[in-house]
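Okay, structure first, notes after.
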Amino acid sequence: MKNKNRVKSEVRERIYFSRRVHGICLGISIVIAAVLTLWAVMQRGLLVEARARQAEAGLSEQVLRFHVLADSDGGRDQQVKMQVKSAVISYLQEELEGQGSLNETKEFVREHLEEITELAQQTVRQENCGDSVTAELVMDEFPEKTYGDVTFPAGTYEALRIRIGSGKGHNWWCCLYPNLCFTDAVCGEVVPEDKQELKGVLDEDAYEMITCTSDFKIKWFFFSKEP
């Protein structure tokens, strides 16, 4: 009888030990799976962030911005800034019609900086303002800029920059190539024709980034074919 009870006790101990080992192994497996999943998510996130930074850098090489700096935040100086902006945009709109590439646009602006400066200076004088004006192609810092459902991220872009007086007033920005300046000045929206132009001159990642706002990262995270 004692032997029988001892056997039963040993069987119960073996079963308990086996279940305990199984539970420990299961717990370790869950922890390892969680760690591996977290690592994979973090790696995926890093890839998406790297892709976003690359897209931003690529975008800055595919566009030409336009930047007008007012002398001050005073109402008169801001009005002068807007008059200069309108005059230069009208001039470029007419002269750049038919210019088919970024390099052609840059080359035109570079070759006509003197005329652009003189036009801006004349506009300033017409506003009975004595501020000096400079125009140049530069690498410039831009804040995030939204045109309807198209958003250009903040960053460093090449730009036609016009400085009025000290240039310390509130500024005005737009995209000269592809040409969204006229659209922005009129209604602040990007019409379908302009979107098609954007799609035609930007690479796929840059186009997705500016047309999908923050959702492009979610799309890249879940649907990108990158490992």
Taking [X] for the side chain and [Y] for the main chain, is one N or O donor matched with an acceptor at less than 3.5 Å?
X	Y	answer
K81	R163	no
E104	S101	yes
E95	H112	no
N171	L69	no
D77	D71	no

For [X], give me all partners under salt bridge (Lys or Arg N to Asp or Glu O under 4.0 Å), at least two apart in sequence or on another chain.
X	result
D140	R161
R125	E118
E127	none

key: Neighbour count >12 (heavy atoms, 6.0 Å) for atom CD, E94   =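 Check fails, neighbour count at 12 or below.
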
Does the side chain of [X] reach to within under 4.5 Å of the side chain of [Y], using non-hydrogen atoms?
X	Y	result
P178	V63	yes
I89	L176	no
L137	L64	yes

inquiry  = To the nearest 0.5 Å, what is the distance between OG1 on T105 and CG on L92?
reply    = 9.5 Å

query = Any idea how W172 and F66 line up, ring-wise: parallel (<30°), tilted (30 to 60°), or perpendicular (>60°)?
reply =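 Aromatic pair W172/F66 classed perpendicular.
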
request  = Report yes or no: is the cationic atom of K145 (NZ for Lys, CZ for Arg) under 6.0 Å from the centre of the six-membered ring of W173, at an angle within 45° of the ring normal?
outcome  = no

query = Hey, quick one: are V138 and F108 part of the same hydrophobic cluster, counting side-chain heavy atoms closer than 4.5 Å, chains of contacts allowed?
reply = no

message = side-chain hydrogen bond (donor to acceptor under 3.5 Å, both in side chains), that's the test. Do Q83 and T123 meet it? Break it down for me.
response = CA-CA 7 Å; Q83 292 298 325; T123 305; over 6 Å; no

Salt bridge present between E158 and R65 (N-O < 4.0 angstrom) =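 No salt bridge links E158 with R65.
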
task = Under the side-chain contact (heavy atoms from CB on, under 4.5 Å) rule, what do T117 and I162 come out as? Steps first, then yes or no, please.
result = CA-CA 8 Å; T117 302; I162 296 179; over 6 Å; no

